[in-house]
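Structure, as structure tokens:
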Number of protein chains: 2
Amino acid sequence: MATKGKYIYEYPHPAVTADCVVFGYDGKELKVLLIKRGKEPEASATAYVGEWALPGGFLEVEKDKTIAHTAARELKEETGLRLTVKDFKEVGTFSDIHRDPRERVITIAHYALVKLAQVEASTDADRADWFSWNDIPHLAFDHDKILRVAFSRLKRDIHFEPVGFDLLPEVFTLPQLQNLYESILEVKFDRRNFANKMKHYAILTEVESPTPRRGTRTPVLYRFYKENYDRLKGSGFQLEF
Amino acid sequence: MATKGKYIYEYPHPAVTADCVVFGYDGKELKVLLIKRGKEPEASATAYVGEWALPGGFLEVEKDKTIAHTAARELKEETGLRLTVKDFKEVGTFSDIHRDPRERVITIAHYALVKLAQVEASTDADRADWFSWNDIPHLAFDHDKILRVAFSRLKRDIHFEPVGFDLLPEVFTLPQLQNLYESILEVKFDRRNFANKMKHYAILTEVESPTPRRGTRTPVLYRFYKENYDRLKGSGFQLEF
DNA sequence: GGTTTTTGTGTAATTTTTACGCAAAGATAA
DNA sequence: TTATCTTTGCGTAAAAATTACACAAAAACC
């Protein structure tokens, strides 16, 4: 199949892919969605068969309006997860000349945050699976590196944007929120100071608690108060921890 | 020249370019290096001839180790300016399907900071020129957009890294440093508070001033104290203004 | 010598951040 | 039923950082 192709260029062109780091949070740990690599019908050859990898795939030159559209389309095809283009944040370009053994492939990595509970059901479990952040298997290509960079990007973004809320269910407790921040920022906060700061920012609204029993004292439930957050953000605000 | 090419692929491939936003600072204003577009021997057709644009060009698939190497190589070829791969920071990918009228081209934008005085001489003035940030001409392609994003990235990075110092000469005055920060952050600071904060951070060392006359009172000269900055940065520090 | 521009300097008031202890809610075990 | 354990909620005092603010010295120009 040496000259099976029909797309001809005067100069060599690289292949371009979009890869997706999809983060979830189960109330306890940060999670990442990975796929098991199989044979890919579109690629001229398939590499790393049977290994775990980030979901992603090739830019469709004549169809994908932007590389983020590639990310959204491939994520849907490979995991069943349906996200919009706006859900993806660009992490960066990975372009090492030999990062793919088949041909020159540069990839634009993206990350996305999902409410885990609400998407677990719609995920195609045959090919995809969620892994705890502290228990990630070895990944194909340079996907380990991409994952690390994506995490550091998330870690940075959380200072400026309410990314935490994209990972939590609509209704959540203060301890859950704090644990999430601690997981991402890899630090511990004083519970009282954390609550004070949140109260000061006024970006949470208390939910009429239907007293949902648990193992200990029932925590108060909150909802994210988007209006207030947007107002704060508009005036050059930044969430600090 | 419809089928002049000799590079054949089974699926369509995009062209990939690296574009460079090179910032300089003349002690008064932020500047950007632009080139005047001419005929490009490498491209199958040339677009936007005669217009100003960001320096940049096509990834050489078999030669450029990473896309940052493309940026460095093209900057050198187009402007004469010789920077290392490490001098470039990635801004992001611009991949709109019709951003280049010739074919599908996605570009990875980068920015770099240079000590203006020391590079002005080595810049190829026939093709390249420095423009004040507040006096940028209309640019080819989507380069206006790239420029805006690059600036906002610089604005963000200056909180975490001593980027200011890359734009200043080795030896500089406190008012110069303040003016630079004000230009990038688009705010005004109180002179005394700015000086106090800098003193508190202890990242400047006073230089034995050879009393270099000027228009008014001779300002004290400083040099950036890298050791102290690195130490601070290592312990999770961040430059705030 | 007077005028103008630019630079350097310190302190008090305010705001933000940090540190810290105890009581109530709910579950489980004795 | 009571004791015990874990988890949650709450407020204040000390420390640190940020802000606001005024005057004198250096140099150039007239």
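Letters go in sequence order (proteins before strands), and every chain restarts at 1.
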Item checked: Atom-pair distance (CG on B:Asn179; P on C:dT6), nearest Å -> 12 Å
Next item on the list: Please state how far atom CD in A:Gln176 lies from atom P in D:dT8, giving the value in whole angstrom units.
Entry: 9 Å
Check: Taking the side chain of A:Arg217 as its heavy atoms from C-beta onward, which of C:dT9, C:dA23, C:dT6 lies nearest to it?
Finding: C:dA23
Margin query: Nearest whole Å is fine: how far is D:dT8 P from A:Leu177 CG?
Written below: 13 Å
Margin query: Counting only heavy atoms not in B:Lys155 (residues, nucleotides, ligands), do more than 12 fall under 6.0 Å from its NZ?
Written below: yes
Notebook entry, point to check: How long is the line joining CZ of A:Arg191 and P of D:dT7, in whole Å?
Noted result: 10 Å
Next item on the list: Nearest whole angstrom, please: distance from the P of C:dG8 to the NZ of B:Lys199.
Entry: 11 Å
Check: Quick one: what's the B/S/- string for nucleotides 12-21 of chain D, heavy-atom cutoff under 4.0 Å, read 5' to 3'?
Finding: B-----SBBB
Margin query: For B:Phe172, run the ring pair (Phe, Tyr, Trp, His ring centres under 6.0 Å) check against B:Tyr222, B:Phe224, B:Phe165 and tell me which one passes.
Written below: B:Phe165
Check: Would you say A:Arg156 has more than 12 foreign heavy atoms packed within less than 6.0 Å of its CZ?
Finding: yes
Next item on the list: Please determine, for the side chain of B:Thr218, which listed nucleotide (D:dA27, D:dT7, C:dT7) has the closest atom?
Entry: D:dA27
Item checked: Rounded interatomic separation in angstrom, taking CE from A:Met198 and C1' from C:dT17 -> 15 Å
Notebook entry, point to check: Between the main-chain N or O of A:Thr84 and the side-chain N or O of A:Asp87, is there a donor-acceptor pair closer than 3.5 Å?
Noted result: yes
Notebook entry, point to check: CZ of A:Phe131 to CD1 of A:Ile136: how many Å apart, nearest 0.5 Å?
Noted result: 7.5 Å
Notebook entry, point to check: Please give, in whole Å, the distance from C:dT18 P to A:Phe194 CZ?
Noted result: 13 Å
Next item on the list: On the 0 to 90° scale, with breaks at 30° and 60°, tag the B:Trp133-B:Phe151 ring pair as parallel, tilted or perpendicular.
Entry: parallel
